Amino acid sequence: MKNLNKVESLYAQAMSLRTQGQSQRAYALCEEILKLAPKQADTLSLMGIILGENNQAIFALDFFNKALEIK
């Protein structure tokens, strides 16, 4: 349960950073989340969004596909 709370907290921070235009920091937090919870679909989707916004569509698609497989 402790990991779940940490994952939720980190995800909220990552979302906040992204909306503040701090995509690199948000992405780094997402990587940290996936170390704790590798199948966290929302985090994978967020990584895809960040990559897409940074003109890395091919890599973004990989993350979206992984998220869809989990869901």
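Since this is a predicted model, take the numbers as computed values, not measurements. All residue numbers refer to positions in the sequence shown, counting from 1.
What you find for N54 and S23 is that their closest heavy atoms are ND2-CB, 4.0 Å. When all heavy atoms of A37 and V7 are compared, the closest pair comes out as CB-CG2, 4.0 Å.
In this structure, the side chains of I33 and L46 stay at 4.5 Å or more apart for every pair of heavy atoms. Looking at heavy atoms from C-beta onward, T43 lies out of side-chain contact with E31 at the 4.5 angstrom threshold. Counting heavy atoms from C-beta on, the side chains of K71 and D42 come closer than 4.5 Å. Looking at heavy atoms from C-beta onward, F64 lies in side-chain contact with I49 at the 4.5 angstrom threshold.
One finds the CG atom of L51 at 8.0 Å from the CZ atom of F59 (value rounded to the nearest 0.5 Å). Here the CG-CD distance, from L10 to Q40, works out to 10.0 Å after rounding to the nearest 0.5 Å. One distance of note links CD of E8 with CD of Q13; it measures 12.5 Å at 0.5 Å rounding. With rounding to the nearest 0.5 angstrom, the NZ atom of K35 is 13.5 Å from the CG atom of N3. Here the SG atom belonging to C30 is positioned 4.5 Å from the CD1 atom belonging to I50, to the nearest 0.5 angstrom. Taking CZ from R25 and OG from S16, the interatomic distance works out to 9.5 Å, rounded to the nearest 0.5 Å.
At least one donor-acceptor pair under 3.5 Å links the side chain of S45 to the backbone N or O of A41.
The neighbour count for Q20 CD, taken as heavy atoms of other residues, nucleotides or ligands under 6.0 Å away, is above 12.
Every residue two or more places apart in sequence or in another chain that forms a salt bridge (charged side-chain N to carboxylate O under 4.0 Å, His left out) with E53 is listed here: R18.
When the side chains of ILVMFWY residues are joined at heavy-atom separations under 4.5 Å, either directly or via intervening members, L61 and I70 end up in two distinct hydrophobic clusters. Residues L36 and Y11 share a hydrophobic cluster, clusters being chains of Ile/Leu/Val/Met/Phe/Trp/Tyr side chains in contact below 4.5 Å.
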Q | Steps toward side-chain contact (heavy atoms from CB on, under 4.5 Å) verdict (Q24, L17) | A | CA-CA 9 Å; Q24 286 183 325; L17 286 168; over 6 Å; no
